[in-house]
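Worksheet: the structure to be examined is printed underneath.
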Amino acid sequence: MVSPDTIRTAVGVLGNAIALVLFLSPVPTFFRIWKKGSVEQFSPIPYIATLLNCMFWVLYGLPIVHPHSVLVVTINGAGMLIEISYILLFLLYSQGRTRLQVFLMFVASLISVGVFGSLVITLAHTHERRSMIVGIICVVLCIIMYASPLSVMKMVIQTKSVEYMPLFLSLAAFFNGVCWTAYALIRFDLYIIIPNGLGVMLATAQLLLYAIYYKSTQRQIEARRNKEEMGLAEVVVMKENGANKVGAMGVTNGR
């Protein structure tokens, strides 16, 4: 008979694989940002929230805080490096106030984890107390991570478009939440159950929005593409009629 610990380890390994997919799911988004040279309307908040979440879960899984949590440390350590790369790309392709805000949030995240971790290890003298203190913070941050797309969900409802709510990210968040909830139920760990259970619900809401507004999004994209093609056709015609008219049209479009 297979022991619960063996099953838990297997589920944890599967959870690591799914979580890695979750961390890598924004790659198409950042490929688009790199290709266009702009962050457009994409929000940096989910990536800052995920980085902060990963750093605190690494702290939680350290042997000096919560022993026997190697799988928690490995996947969140990998996630931490991946999220840092996203944030650096966001800094590279954002401008002005947005770039400054992202930079300040990034630095504040690094400092807060370092200071908090030092205080917990110094002032709390047992694994139980350290696990409880860091675990509570992890629950809060994990909920924030899963809830961070709420601002994007609001924009989806207002614009009836899911163009800036990546489907792969929502799918990965759903399966990640399901897997880690199962992992925590096998050997009951409330600190993992609460945020991941909530994450399943929030990811489900995102997937429902995607299903509801997918067709209207495609219509908006098609209408925008047609408008751009018509504008290009007008420029070609104006070029044929004379260079002065092309310049006049440029001024008109710039108003």
Side-chain angles (χ1 to χ4, degrees), residues 7-32 41-58 60-61 71-72 74-80 82-83 86 135 138-218:
I7 296 173
R8 187 173 188 263
T9 300
V11 173
V13 171
L14 178 61
N16 271 7
I18 296 174
L20 185 60
V21 173
L22 173 63
F23 293 138
L24 293 175
S25 60
V27 167
T29 297
F30 280 90
F31 179 76
R32 170 176 172 168
Q41 299 298 316
F42 291 107
S43 171
I45 301 300
Y47 310 108
I48 295 289
T50 304
L51 172 63
L52 196 58
N53 176 71
C54 286
M55 289 191 293
F56 270 97
W57 278 111
V58 168
Y60 177 82
L71 291 174
V72 175
T74 53
I75 188 55
N76 284 286
M80 185 173 67
I82 292 169
E83 297 303 322
Y86 292 153
C138 285
V139 167
V140 173
L141 291 175
C142 201
I143 291 173
I144 291 173
M145 182 193 75
Y146 279 123
S148 60
L150 285 174
S151 59
V152 180
M153 292 169 68
K154 180 182 177 182
M155 183 176 72
V156 167
I157 295 170
Q158 290 174 338
T159 62
K160 294 181 171 52
S161 171
V162 293
E163 185 175 0
Y164 295 105
M165 188 177 73
L167 175 61
F168 290 131
L169 188 59
S170 300
L171 282 170
F174 174 79
F175 288 112
N176 180 69
V178 168
C179 196
W180 284 104
T181 300
Y183 174 86
L185 285 170
I186 295 172
R187 180 185 288 177
F188 193 77
D189 190 329
L190 190 64
Y191 300 125
I192 297 179
I193 290 173
I194 292 175
N196 285 286
L198 181 60
V200 171
M201 292 187 287
L202 288 170
T204 301
Q206 292 171 42
L207 293 173
L208 287 173
L209 282 178
Y210 201 93
I212 292 169
Y213 293 116
Y214 176 77
K215 288 185 178 180
S216 64
T217 303
Q218 296 306 306

Residue pair G77 / V58: nearest heavy atoms and the distance that separates them: N-CG2, 3.5 Å
Shortest non-hydrogen separation from Y183 to I192 and the atoms involved: CE2-CD1, 4.1 Å
Looking at CG of N76 and CE of M80, how far apart are the two atoms once the value is rounded to the nearest 0.5 Å? 9.0 Å
Considering all heavy atoms of both residues, which atom of L20 and which atom of I75 are nearest to each other, and what is their separation? N-CD1, 3.7 Å
Distance in Å, T181 OG1 paired with I186 CD1, rounded so as to fall on 0.5 Å steps: 11.0 Å
Return the set of residues passing ring pair (Phe, Tyr, Trp, His ring centres under 6.0 Å) with Y86 (not counting sequence neighbours), or none when no residue passes. F30, Y47
Full working for side-chain contact (heavy atoms from CB on, under 4.5 Å) between C138 and Y191: CA-CA 7 Å; C138 285; Y191 300 125; 6.0 Å; no
Hey, what do you get for CG (L208) to OH (Y213), rounding to the nearest 0.5 Å? 11.5 Å
How close do A19 and W180 get, heavy atom to heavy atom, and via which atoms? CB-NE1, 4.0 Å
From OG1 (T204) to CZ (F174), nearest 0.5 Å: 4.5 Å
Nearest heavy-atom contact between V72 and W57 is CG1-O, 3.6 Å
Atom CG in L171, atom CG in L207: separation rounded to 0.5 Å? 5.0 Å
Nearest heavy-atom approach of I18 to F175 is CG2-C, 3.6 Å
Rounded to the nearest 0.5 Å, what separation is found between the CG atom of N196 and the CG atom of N176? 6.0 Å
Please confirm whether the backbone N or O of S161 pairs with a side-chain atom of S216, one donor and one acceptor, at under 3.5 Å? no
